[in-house]
Amino acid sequence: MSDGRFARALRGESQPVPPIWLMRQAGRYQQRYQHLRREHSFERLCRVPELAAAVAMNAIEDFDFDAAILFSDLLFPLEALGFGLSYDAGPPALDRKLTPDVLASLRPWQEAVPHLRFQADAVAATRARLDRGKGLIGFVGGPWTLFVYACEGSHAGALAVAKSSPALYRGFAALAVPLLTEAIRMQLDAGADVVMVLDTAAGELPPSCFAGAVAPDLAALASAFPNRIGYYAKASHPDQMTSATFAEASWAGLGVDSRWSLARLLASDRRGFVQGNFDQALMLMPEPALRAAIHAWLAPIRALTAGERRGWICGLGHGVLPGTPEANVRLFVREVREAFA
């Protein structure tokens, strides 16, 4: 376990300078990552623990973030269940789409668990290289997000097939939830301080559907590991996140994107950490404009007391975009730390 700014944020302690962790902080915008990709396929970088650890550590070494995150992909649980999964043509591609017949042909979740062992091994390899003052984050995809990809072949569009297939989702979740539970357990046992459930497609759901269909499965994951699991859904909104089933679960904290008022959320009656939420698109601006945007974003947060900012993990609304200048990432880290020093 780590012992630094990130660990203190997870414990909900007040501290003057927040830890910084960015989603997708290890990836395509980095020169060192591009060098590794010229030598290895994306899948090999994920599957070989020492290579996955190298990618994760490159971000720490280049930018001095306060936490590393497992380098992997959300979709490997689908492969573990029996889907063919390829990254050869760019976006991940499955060999078929989920139907009742395909669901019946998938592996039992117990047989799928060993197929995700490589992710836990990558967590352990990263922990072995990580300074004790830096945190380590594992992650899994949310069951709804995995279901959407299995049904639709992507997370884009209206998601009409997935939204109109509640019985198929329930059958899929019966496999996915226990599989994800064991994947989380393996990552925590391997040395992750916290595991994030990253739910890319859940923000597309109306609040009533989220509360009725998806939140109970998320609550099952959180209750299995009280205060060790965080949650982030792209394009989420407060009506989803305050649903009764979600609010009552034992979550460690919540990530939010730039659609939320971070200052209002931090100052609210809440529990757990809050991660976010500078607009990642602004990271593409020229340096003077970016510096001004960072300070405009920080102004209402700096007006809060240190107690109100307790548990804040500073980051972007979503992940670092391809093409983001490395100099801008360093600028973001420096300006945030200097603003609160």
Side-chain angles (χ1 to χ4, degrees), residues 24 27-28 37 40-48 52 70-122 138-184 186-187 196-205 209-210 212-214 216-218 220-221 233-235 319:
R24 295 179 182 164
R28 290 173 289 177
R37 276 292 280 114
H40 306 282
S41 69
F42 171 78
E43 189 169 359
R44 179 171 167 78
L45 290 178
C46 293
R47 287 191 175 279
V48 178
L70 164 68
F71 183 77
S72 196
D73 190 70
L74 295 177
L75 299 181
F76 285 120
L78 294 178
E79 184 183 58
L81 287 169
F83 285 90
L85 175 62
S86 172
Y87 298 89
D88 293 342
L94 300 175
D95 64 342
R96 53 205 159 133
K97 292 185 178 180
L98 186 66
T99 65
D101 288 343
V102 169
L103 178 64
S105 73
L106 297 180
R107 290 187 183 104
W109 67 265
Q110 297 92 335
E111 295 179 14
V113 171
H115 293 267
L116 296 177
R117 180 75 236 178
F118 71 95
Q119 291 183 321
D121 292 342
F139 73 86
V140 297
W144 171 257
T145 287
L146 295 177
F147 173 72
V148 166
Y149 213 97
C151 285
E152 308 270 354
S154 78
H155 294 136
L159 313 184
V161 175
K163 289 180 178 180
S164 60
S165 306
L168 188 59
Y169 172 70
R170 288 268 39 96
F172 175 80
L175 292 176
V177 172
L179 175 60
L180 295 174
T181 300
E182 293 309 308
I184 292 168
M186 289 193 293
Q187 292 182 32
M196 292 295 295
V197 176
L198 302 178
D199 223 356
T200 306
E204 295 295 326
L205 286 169
C209 293
F210 181 88
V214 175
D217 294 321
L218 297 171
L221 295 175
K234 182 180 180 182

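Hydrogens, waters and symmetry mates play no part in the numbers below; they use all other heavy atoms, side chains included. Here, residue 1 is the first one in the sequence, and each next residue gets the next number.
- Contact check for M186 versus Q119: no side-chain heavy atoms found under the 4.5 Å cut-off.
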Any chance you could lay out the side chain to side chain contact (heavy atoms under 4.5 Å, CB included) test for C151 and Y169, step after step, and finish with the verdict?
-> CA-CA 9 Å; C151 285; Y169 172 70; over 6 Å; no

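- Between L103 and L175 the shortest side-chain heavy-atom distance falls below 4.5 Å.
- When all heavy atoms of G142 and V197 are compared, the pair lying nearest together is CA-CG1, 3.7 Å.
- Within the model, atoms NZ of K163 and CD of E152 stand 9.5 Å from one another, a figure rounded to the nearest 0.5 Å.
- Judged purely by atom type and a 3.5 angstrom limit, Y149 has no side-chain atom pairing as donor or acceptor with the backbone of L78.
- To the nearest 0.5 angstrom, L81 atom CG is 8.5 Å from L146 atom CG.
- The aromatic ring centroids of F76 and Y87 lie less than 6.0 Å from each other.
- Both cation-pi conditions hold for R96 and F83: the charged atom is under 6.0 angstrom from the six-membered ring centre and inside a 45 degree cone around its axis.
- Contact record, H115 with E111: CD2-O, 3.3 Å, taken as the closest heavy-atom pair.
- With values rounded to the nearest 0.5 angstrom, L70 atom CG is found 8.0 Å from C46 atom SG.
- V140 has its side chain out of reach of P77: every pair of non-hydrogen atoms, C-beta onward, lies at least 4.5 Å apart.
- We find the CZ-CG distance between R170 and D217 to be 4.5 Å, quoted to the nearest 0.5 Å.
- Here the closest non-hydrogen pair linking A160 and S164 is O-OG, 2.7 Å.
- The structure places CD of E79 at 8.0 Å from CZ of R107, a figure rounded to the nearest 0.5 Å.
- The nearest pair of heavy atoms linking A202 to F210 is CB-CE1, 4.1 Å.
- Put simply, the side chain of E43 never gets that close to the backbone of S86: no donor and acceptor are under 3.5 Å apart.
- In this structure the side chain of F139 reaches within 4.5 angstrom of the side chain of L74, judged on heavy atoms.
- The two residues V113 and E182 have their closest heavy-atom pair at CG2-CB, 3.8 Å.
- L198 has its side chain out of reach of T145: every pair of non-hydrogen atoms, C-beta onward, lies at least 4.5 Å apart.
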What do the steps show when you test L218 against W144 for side chain to side chain contact (heavy atoms under 4.5 Å, CB included), and what is the final call?
-> CA-CA 9 Å; L218 297 171; W144 171 257; over 6 Å; no

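- Put simply, the side chain of L116 reaches to within 4.5 Å of the side chain of L179, judged on heavy atoms.
- To the nearest 0.5 Å, atoms OG (S41) and CG (D88) are separated by 7.5 Å.
- The closest side-chain heavy-atom distance from F147 to L168 is below 4.5 Å.
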Next item on the list: Would you sort out whether V214 and D199 count as a side chain to side chain contact (heavy atoms under 4.5 Å, CB included), showing the intermediate values?
Entry: CA-CA 10 Å; V214 175; D199 223 356; 4.3 Å; yes

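- Here the side chains of H155 and K234 are not in contact, with every heavy-atom distance at 4.5 Å or above.
- Residues R47 and D73 are not paired through a salt bridge, judged by the lack of any N-O separation under 4.0 Å between the basic side chain and the carboxylate.
- Considering every non-hydrogen atom in both P143 and L221, the closest pair reads CD-CD1, 4.2 Å.
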